[in-house]
Amino acid sequence: MTAAAAAATLGAFTAAPGLPSPTAVALSYGAARSGAGAAAPVVDCRVTKCVALTFDDGPTQYTAAVLDTLERQHSVATFFLIGPHALQYRSDVLRQQRDGDAIGDHTVTHPYLTRLPPARIDYELTTAAEQIASVTGHRPTLFRPPFGAWNAKVRAAAGAEGLSVVMWSVSSTDWKYHNAHLIEQRVLARVRPGSIIVLHDRYATTPPAAPHIIHALKTRGYLLVTVPEMFATTGGLHPGVVYHHGPQPRPP
């Protein structure tokens with residue numbers, strides 16, 4: 001099936017009354033995304049059960065293993081990159097871009113931004129965006145504040161930089177519990193349609209949890225999308241706006 005044909009098929013599924021077959025949607029979506037440079041189909045997450053996996057703090061020596069899993073399972077994620085890490089692991093960043101993953105800004109030094117003066121906040125966001133753009137050729141439009149710490153100053157800085165502030169609704173707590181099975185359990189116990197899940201590709205115990213999480217989500221009928229895809233049919237993402245959770249499917 002060509003990307004165009006798969007996208008057309010997916011559109012037919014999401015236009016049908018009630019919830020479409022999760023298997024049919026996932027197959028069409030996967031086919032449309034397959035192949036380097038394939039355009040992503042538009043998914044209506046008000047109809048389809050969507051979920052977004054996000055990974056913070058990379059790239060690191062563990063990122064390649066996460067990308068291996070995503071590629072094997074024909075899935076995508078959103079990666080929030082620390083600027084100097086992007087420069088160090090350029091090949092992983094380019095691989096994320098090639099695979100259709102979304103890439104966001106996660107500052108230069110991973111500080112508590114709410115404790116910093118505006119000039120330093122600007123430096124952290126702007127410099128990381130420039131470092132990421134030097135690898136990808138594109139400035140990011142997504143931002144996740146380290147530790148999830150944001151306030152009016154942080155929002156204003158993000159808005160000025162053209163960045164949407166992406167938080168999460170499900171925490172794996174993989175930074176605290178370095179146990180792959182426990183990470184998997186915590187995610188799957190809390191996931192709901194529209195969930196934005198936060199993981200970290202800086203810990204050795206997170207990549208082993210990823211295959212089981214993705215397989216279980218698909219088995220439950222979820223479609224894995226990037227954060228921008230999750231909001232594509234609800235007006236998109238806007239600079240300086242904080243997002244915690246995506247749209248939930250309407251009742252049939």
Side-chain angles (χ1 to χ4, degrees), residues 33 50-108 110 128-129 131-132 135-136 140-148 163-180 182-184 186-188 190-191 195-218 222-230 237 243-246:
R33 293 208 71 123
C50 296
V51 64
L53 290 181
T54 69
F55 292 86
D56 290 3
D57 298 354
T60 70
Q61 65 267 41
Y62 305 117
T63 302
V66 173
L67 294 174
D68 288 343
T69 294
L70 291 169
E71 290 170 1
R72 280 195 303 269
Q73 301 213 33
H74 305 290
S75 297
V76 290
T78 301
F79 291 88
F80 292 94
L81 311 185
I82 293 176
H85 292 190
L87 298 178
Q88 182 179 357
Y89 293 91
R90 296 174 68 93
S91 61
D92 287 328
V93 178
L94 292 172
R95 188 176 170 190
Q96 291 166 359
Q97 186 178 42
R98 202 163 48 240
D99 288 348
D101 299 312
I103 294 173
D105 186 325
H106 200 47
T107 73
V108 177
H110 202 272
Q131 291 170 330
I132 293 167
V135 180
T136 65
T141 59
L142 309 175
F143 167 65
R144 173 164 288 160
F147 310 104
L163 298 166
S164 305
V165 182
V166 180
M167 298 295 291
W168 60 84
S169 56
V170 174
S171 175
S172 63
T173 325
D174 55 353
W175 56 270
K176 182 177 182 181
Y177 301 106
H178 300 289
N179 178 296
L182 183 57
I183 293 167
E184 174 191 350
R186 288 184 64 84
V187 169
L188 297 178
R190 292 162 174 77
V191 70
S195 289
I196 300 174
I197 301 167
V198 61
L199 299 121
H200 298 79
D201 50 331
R202 66 176 296 178
Y203 302 115
T205 45
T206 298
H212 304 286
I213 291 171
I214 294 172
H215 176 74
L217 290 172
K218 288 185 173 182
Y222 285 100
L223 183 67
L224 276 71
V225 297
T226 66
V227 171
E229 289 170 347
M230 180 172 279
L237 298 163
Y243 299 87
H244 291 86
H245 194 286

A side-chain contact here means heavy atoms from C-beta on lying under 4.5 Å apart; do Trp175 and Tyr203 qualify? yes
CZ-OG1 distance between Arg190 and Thr173, expressed to the nearest 0.5 angstrom: 6.5 Å
Aromatic rings Phe79 and Phe55: how do their planes relate, parallel, tilted or perpendicular, breaks at 30° and 60°? parallel
If every non-hydrogen atom of Val51 is compared with every non-hydrogen atom of Leu217, which pair is closest and at what distance? CG1-CD1, 4.1 Å
Val66 versus Pro207, closest heavy-atom pair with distance: CG2-CG, 3.9 Å
Enter the distance from Asp92:CG to His85:NE2 here, rounded to the nearest 0.5 Å. 12.5 Å
Distance, nearest 0.5 Å, that separates CD1 of Ile214 from CG of Leu70: 4.5 Å
Taking side chain to side chain contact (heavy atoms under 4.5 Å, CB included) as the criterion, tell me which of Thr107, Leu142, Ile132 meets it with Phe80. Leu142
Let me see the working for Leu199 and Ile213 under side-chain contact (heavy atoms from CB on, under 4.5 Å), right down to the final yes or no. CA-CA 11 Å; Leu199 299 121; Ile213 291 171; 4.1 Å; yes
Compare every heavy atom of Glu184 with every heavy atom of Ala209, then report the nearest pair and how far apart it is. CB-N, 4.4 Å
Is any side-chain heavy atom of Leu67 less than 4.5 Å from a side-chain heavy atom of Asp201? no
Give, for atom NZ of Lys218 and atom CG of Leu224, the distance between the pair rounded to the nearest 0.5 Å. 7.0 Å
A side-chain contact here means heavy atoms from C-beta on lying under 4.5 Å apart; do Val198 and Arg144 qualify? yes
I'd like to know if the side chain of Thr78 reaches the main chain of Val227, judged simply by a donor and an acceptor atom lying under 3.5 Å from each other, with no hydrogens or angles considered. yes
With a 6.0 Å cut-off (strictly less than), is the heavy-atom count around OH of Tyr177, excluding the residue itself, greater than 12? no
Should Gln96 and Thr63 count as side-chain neighbours, where that means a heavy-atom distance under 4.5 Å? yes
Would you check if Asn179 and Thr205 make a side-chain contact, meaning some heavy-atom pair closer than 4.5 Å? no
Check the surroundings of atom NE2 in His215: do more than 12 heavy atoms from other residues, nucleotides or ligands lie under 6.0 Å from it? no
Output the distance between atom CG (Leu81) and atom CG (Asp56), rounded to the nearest 0.5 Å. 9.5 Å
For Thr206 and Ile183, what are the C-alpha separation, side-chain angles and deciding distance, and is it a side-chain contact (heavy atoms from CB on, under 4.5 Å)? CA-CA 7 Å; Thr206 298; Ile183 293 167; 4.2 Å; yes
Over all atoms of both residues, closest heavy-atom pair of Pro211 and Pro208: CD-O, 3.4 Å
Correct closest heavy-atom pair for Pro59 and Val93 would be CG-CG2, 3.6 Å
Approximate separation, where rounding is to 0.5 Å, of Ser75 OG and Asp101 CG: 9.5 Å
Is a salt bridge present between Arg95 and Asp68, judged by a nitrogen-to-oxygen distance below 4.0 Å? yes
Shortest non-hydrogen separation from His200 to Asp57 and the atoms involved: CD2-OD2, 3.3 Å
With a 4.5 Å limit on heavy-atom distance, are the side chains of Asp99 and Val76 in contact? no
Taking C-beta and beyond as the side chain, do Ile103 and Thr136 meet within less than 4.5 Å on heavy atoms? yes
Contact check, side chains of Val191 and Ile197, non-hydrogen atoms, under 4.5 Å: yes
